[in-house]
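Note sheet for the following structure.
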Amino acid sequence: MTTSVENVEARAAAFRATFDRLKTEIGRVFVGQTALVDHLLVCFFCQGHALIEGPPGLGKTLLVKTLSDAADLRFARVQCTPDLMPADVTGTNILVDAPGGQREFVFQRGPIFANIVLADEINRATPRTQAAFLEAMQERRVTVFGVTHPLDAPFSVFATQNPIEMEGTYPLPEAQLDRFFFKLTVAVPGVADMAEIMARTTGVQEARVSPAVDLQTVRSMLGLIRQVKIADETMRLALTLVRATHPDAHEAPPEVKQYVRYGASPRAAQAIILAAKALALIGGRYHAAAEDVRRVAEPALNHRLILNFHGEMERVTATSIVERVLAVTGQA
Amino acid sequence: VSTARAASSEAVLAIVDRCRRRMRLVSIVRRAGVVIPVAIVAVELVALLLRPTAIQLSAVIATAGLVAAIAATVPAVLRAPAMRATAAAIDARFQLQDRVVTALQLLQLADSEEGQRKVGGRSEEGQRKVGGRSEEGQSKGGATAEQSRGKIGDESDPMALLVVRDAAARLTSISPAAAFPFETPLHFRAAMIAAVIASLVFLIVASAPGSSWLTARGGSNGASGVGGGRAGRAATPGPNAQIVEGAAPSGSDPQRQPASTPEPPADPPVGRESTLHQTATQARGRGGDEAPAADSAASAQRPDAGSASGATDGGRGASGFADQTATAAGGVNGSRHSKPLPTASRATPAAAPGTAAYRDDYRSASARAQAAIAQERVPVRLRTYVKRYFVAIHP
């Protein structure tokens with residue numbers, strides 16, 4: 001890989017072009033929600049995993065499916081149910097007839113071996129099955145019957161969950177929540193967006209997505225993001241934001257001290273900085289700025305805050321806490 | 001490529017350093033905006049409380065100016081923003097999205113091993129060395145900075161060069177003066193109001209008629225003269241005022257102005273007149289007795305009498321005028337040759353202007369002066385002065 005200045009410039013330009021193409025292609029199917037799409041693509045290019053939350057019918061699954069179509073990558077969908085087993089996710093050894101009349105165990109890859117995995121309604125799977133995703137998401141490998149199988153890059157898990165129907169669900173444990181790079185919330189579209197959705201989905205013509213990026217391009221972009229520079233001041237802002245989510249930290253605002261039980265982990269800071277770098281490249285810069293950090297702080301932090309009993313009773317949301325942290329941090 | 005690389009690094013460092021110096025200057029001016037009014041107030045307070053002489057006042061003003069300059073400059077120099085802080089300020093001012101601060105950090109990271117350690121520790125000295133533009137940087141880290149410029153953007157880290165180049169491109173159009181204009185300090189209005197109020201109080205107090213300090217200043221101004229300023233000293237009559245007083249009644253103070261004292265050479269006409277009319281002792285003696293009150297009143301009331309105006313010549317002229325008019329009023333010469341009045345009568349305070357006693361004294365003295373003029377005992381050239389004198393002290 002050449003690392004000359006011109007080469008880096010070309011790759012950065014290609015990154016921006018690819019991002020824009022992907023966004024355009026997704027926009028053919030998925031209407032509106034530009035911030036959500038931006039964050040999803042940033043998460044994808046950073047090789048992160050995203051938890052997409054929203055009421056039914058808002059296009060969570062459609063969004064991920066469209067991304068996989070536009071990226072022309074291997075896509076797998078796992079519909080999580082209480083009877084879903086870990087082997088259904090990771091794969092298992094099956095007995096097959098070998099040439100010569102013998103039988104042997106062969107590892108049958110599960111859906112986790114795709115580049116983009118959609119874990120639909122992940123909170124309906126049992127904790128045991130949810131745990132099957134843990135190693136894959138963090139270590140990017142799967143161990144079945146003592147044999148470790150690495151996952152191909154890029155690898156991203158996009159899980160969806162419905163916050164309304166909590167009956168018969170298994171809320172994700174904190175450890176697993178922390179493994180998600182972003183938690184994205186799908187909002188109810190406005191009237192204009194809704195009208196556009198109706199026009200596209202109730203008409204004769206069906207919107208189609210054409211592949212905008214291939215595997216090699218995506219792989220080359222992953223390394224480019226990590227080369228983006230970040231100043232100490234900007235990094236300190238990200239770290240201060242994370243630190244301010246801890247109720248025992250002196251940087252924490254009163255709301256955090258009052259309503260938060262546990263703050264965000266260092267993984268949150270990693271996610272913020274990496275995503276800020278990606279945003280910088282998208283913005284045509286070679287360094288991450290404070291505004292990039294602020295833009296990605298909310299999706300990176302809101303699922304990593306664990307509210308205490310008082311916060312839950314008063315229906316305080318993690319998003320409001322993060323907004324307060326953002327408002328306070330950086331003003332002093 | 002290396003030339004472009006060095007040019008970008010140079011541009012970033014140069015502009016940041018210029019902005020740093022500009023910020024320091026702005027800080028000095030901003031502090032001066034508060035310190036100078038405070039110094040003005042302090043000088044005026046000192047002048048009002050201590051009533052220094054002109055020389056002392058000059059010393060106070062000079063000291064206050066020096067202290068103000070130090071108070072404005074030293075903190076600004078000591079707290080001068082670091083290169084990183086300057087870069088952050090530039091980013092914030094022009095919304096450069098941390099371009100400059102990132103570029104500066106990359107330039108610092110490319111410094112020597114020592115520089116890298118210092119950057120980690122946020123050492124001010126390290127930042128200055130990397131800046132390479134400041135005085136210390138020039139002396140300590142000039143070569144190091146040159147090396148760092150060579151390292152930036154080498155083949156191992158092209159992204160760093162792109163950041164520096166991007167920052168340099170943005171900075172070329174930036175003028176430090178436009179970026180950091182002079183600003184009104186936070187407490188400027190309060191300081192200016194305090195200074196104006198203090199100045200008004202100073203002027204009012206200083207121009208008050210009974211301001212002994214001002215008359216003292218006048219006296220000092222007139223000190224180089226014959227003593228006209230002293231003649232105007234109403235509250236504390238000086239020795240020369242004795243001449244005026246003595247011109248009429250000084251004979252009442254035999255220790256200071258004995259009757260046998262020859263006429264001072266500064267006023268020869270009076271002396272000559274006195275020799276001509278030395279026989280009129282009785283009336284002149286009374287006139288001499290009353291003249292001091294009138295003279296003192298004239299000194300205190302009239303701006304041109306004594307040195308109330310502070311003018312040397314005015315004081316001297318007034319002194320001569322008072323002297324001559326008192327002489328012409330009929331008591332000067334007579335008093336000198338008449339018997340000295342008892343000390344008790346001299347100690348009797350003169351009637352204050354506007355009182356009935358003053359008016360009586362005035363009528364009596366003016367009648368005598370009129371009579372003296374009518375009898376041609378007053379020289380022709382002095383008659384105008386006599387008339388003006390009585391006009392001036394008219395109740």
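Within every chain, numbering begins at 1; the chains are lettered A, B, ... in the order of the sequence lines, protein sequences first and strands thereafter. All values below were derived from every heavy atom in this structure, side-chain atoms included, with hydrogens, water molecules and symmetry-related copies excluded.
A pairwise comparison of heavy atoms in B:Thr102 and A:Ala288 identifies OG1-O, 4.5 Å as the closest pair. When all heavy atoms are compared, the tightest approach of A:His287 to B:Gln97 is NE2-O, 2.6 Å. The heavy-atom pair separating B:Gln105 from A:Asp232 by the smallest distance is OE1-N, 2.5 Å. Of all heavy-atom pairs between A:Ala231 and B:Val101, the closest is CB-CG1, 3.9 Å.
Within 6.0 Å of CZ on B:Arg22 lie more than 12 heavy atoms contributed by other residues, nucleotides or ligands. Atom CZ of A:Arg226 has 12 or fewer neighbouring heavy atoms from other residues, nucleotides or ligands inside a 6.0 Å radius. Counting heavy atoms of neighbouring residues, nucleotides and ligands inside a 6.0 Å radius, atom OH of A:Tyr262 does not exceed 12 of them.
To the nearest 0.5 Å, the span separating CG on B:Leu162 from CD on A:Gln227 amounts to 10.0 Å. Between atom CD of residue A:Glu233 and atom CZ of residue B:Arg84 there is a gap of 4.0 Å, rounded to the nearest 0.5 Å. Atoms CZ and CE, from A:Arg11 and B:Met159 in turn, are 7.5 Å apart once rounded to the nearest 0.5 Å.
For A:Ile230, the part lying near chain B is the backbone, with the side chain staying farther off; criterion is any non-hydrogen pair under 4.5 Å.
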